[in-house]
Q: 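Below is the structure I would like to discuss, written out as structure tokens.
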Amino acid sequence: MLLITSVWAEKPTFKLMPLVHSSLFVEGIYDTESKVLVLITTVKKDSFHMVPKLSEDGDPTKTKTPRMNGKNYKEERRQLETFQEYYITEKAEIEGFIKMIAVNADSFDFKKYTDKSNLIIETEKSKIIMP
């Protein structure tokens, strides 16, 4: 697989893309917010998902008030064929996996996304006393 620069949830990150058709993975995405490497495999499985309930015109059916989950459209549970996903959460395991599978792991600086020291540090709150 090849490491490439990308964007996820409007933040810079890296992704893994397959180089050969026989790869075990469709793609890999590093989520900088949750510090998780998500790997999407070529293995398909049937699983249930909540999907929007559609009108005759193919548009989501609106609700009168927002639902408990904040959505303003009706949903229904459907069985769909999806790709199996794996989540690697430990930093050492993420780095080990990347070094094992990525052909450009030595030349691509993926650690700038996984290393906490390179993230923007929250500045100290103002010490001004408000009335």
Side-chain angles (χ1 to χ4, degrees):
M1 296 196 76
L2 183 70
L3 286 162
I4 58 171
T5 303
S6 187
V7 175
W8 181 255
E10 300 179 14
K11 294 181 181 175
T13 189
F14 65 89
K15 289 186 179 181
L16 290 155
M17 63 180 248
L19 290 175
V20 293
H21 206 50
S22 61
S23 177
L24 297 173
F25 302 100
V26 175
E27 69 177 323
I29 306 164
Y30 183 73
D31 183 357
T32 55
E33 183 80 19
S34 61
K35 306 280 184 255
V36 173
L37 178 63
V38 180
L39 299 162
I40 302 166
T41 71
T42 56
V43 177
K44 294 181 182 179
K45 65 176 185 168
D46 287 333
S47 60
F48 288 97
H49 294 274
M50 295 299 286
V51 295
K53 190 170 187 172
L54 302 179
S55 68
E56 292 177 7
D57 299 326
D59 299 319
T61 307
K62 301 268 184 201
T63 57
K64 293 180 182 178
T65 59
R67 298 175 51 228
M68 288 178 62
N69 62 7
K71 296 179 181 174
N72 62 352
Y73 54 86
K74 295 180 182 179
E75 291 182 298
E76 57 187 351
R77 191 171 182 226
R78 293 287 178 131
Q79 187 172 1
L80 302 171
E81 186 177 59
T82 59
F83 291 106
Q84 176 70 45
E85 297 176 359
Y86 292 99
Y87 302 88
I88 303 176
T89 57
E90 295 295 321
K91 183 180 174 185
E93 292 176 0
I94 291 170
E95 291 178 5
F97 180 83
I98 289 171
K99 289 176 182 175
M100 180 178 64
I101 201 163
V103 295
N104 62 336
D106 293 335
S107 61
F108 187 92
D109 185 16
F110 64 90
K111 289 184 181 181
K112 70 181 177 183
Y113 303 104
T114 61
D115 194 3
K116 290 181 182 176
S117 64
N118 289 331
L119 298 176
I120 297 171
I121 298 170
E122 201 174 303
T123 56
E124 188 177 325
K125 293 184 180 179
S126 175
K127 295 182 180 180
I128 298 175
I129 298 173
M130 301 298 283

Q: Quick one: salt bridge (Lys or Arg N to Asp or Glu O under 4.0 Å) pairs with a partner in residues 78-88, sequence neighbours left out?
A: E76-R78
Q: For residues 21-34, pull every pair meeting salt bridge (Lys or Arg N to Asp or Glu O under 4.0 Å), keeping only residues two or more places apart or in separate chains.
A: K11-E33
Q: Give the table of side-chain donor-acceptor pairs shorter than 3.5 Å for residues 14-22, with sequence neighbours excluded, one pair per line with atom names and distance.
A:
none

Q: Does the N72 side chain pair with the main chain of P66, one donor and one acceptor, at a distance under 3.5 Å?
A: no
Q: Surrounding CG of D106 (heavy atoms of other residues, nucleotides or ligands, distance under 6.0 Å), is the total greater than 12?
A: no
Q: Tell me every residue that passes side-chain hydrogen bond (donor to acceptor under 3.5 Å, both in side chains) with T63, counting only those two or more places apart in sequence or in another chain.
A: none
Q: If hydrophobic clusters are built by linking Ile, Leu, Val, Met, Phe, Trp and Tyr wherever their side-chain heavy atoms come under 4.5 Å apart, do M1 and F108 end up in the same one?
A: yes
Q: Provide the full list of side chain to side chain donor-acceptor pair (under 3.5 Å) pairs with a residue in residues 93-102, sequence neighbours left out, each pair given once.
A: none
Q: Please collect all salt bridge (Lys or Arg N to Asp or Glu O under 4.0 Å) contacts where either partner lies in residues 46-56, sequence neighbours excluded, each pair once.
A: none
Q: Nearest heavy-atom pair of T82 and H49: which atoms, and what distance?
A: CG2-NE2, 3.3 Å
Q: Treat each ILVMFWY residue as a node, draw an edge where side-chain heavy atoms are under 4.5 Å apart, and state whether L39 and M100 are in one component.
A: yes
Q: Could you grab the distance from atom NZ of K91 to atom CG of L37, nearest 0.5 Å is fine?
A: 14.0 Å
Q: How close do F110 and L3 get, counting heavy atoms only, and between which atoms?
A: CD2-CD1, 4.0 Å
Q: Could you tell me which residues satisfy side chain to side chain contact (heavy atoms under 4.5 Å, CB included) with V7, sequence neighbours excluded, listed by chain and number?
A: none
Q: Walk me through it: do V26 and T41 pass the test side-chain contact (heavy atoms from CB on, under 4.5 Å)?
A: CA-CA 5 Å; V26 175; T41 71; over 6 Å; no
Q: Indicate the atoms forming the closest heavy-atom contact of P60 with L54, along with that distance.
A: N-CD2, 3.8 Å
Q: List the steps and the verdict of side-chain contact (heavy atoms from CB on, under 4.5 Å) for S47 and Q79.
A: CA-CA 5 Å; S47 60; Q79 187 172 1; over 6 Å; no
Q: Please tell me if the side chains of V36 and Y30 come closer than 4.5 Å, counting only heavy atoms from C-beta onward.
A: no
Q: Please list all pairs passing the ring pair (Phe, Tyr, Trp, His ring centres under 6.0 Å) test where one or both residues lie in residues 58-100, with sequence neighbours left out.
A: F25-F97
Q: Which pairs with one or both residues in residues 60-73 pass salt bridge (Lys or Arg N to Asp or Glu O under 4.0 Å), sequence neighbours excluded?
A: R67-E75, K71-E75
Q: Remaining members of F48's ILVMFWY cluster at a side-chain heavy-atom cut-off under 4.5 Å?
A: none
Q: For residues T13 and S6, is any side-chain donor paired with an opposing acceptor at under 3.5 Å?
A: no
Q: Under 4.5 Å between side-chain heavy atoms, chaining through other members, with only Ile, Leu, Val, Met, Phe, Trp and Tyr counted: pull out the rest of the cluster around M68, sorted by chain and number.
A: none
Q: Report the hydrophobic cluster partners of V51, with the cluster defined as I, L, V, M, F, W, Y residues connected by side-chain heavy atoms closer than 4.5 angstrom, directly or transitively.
A: L80
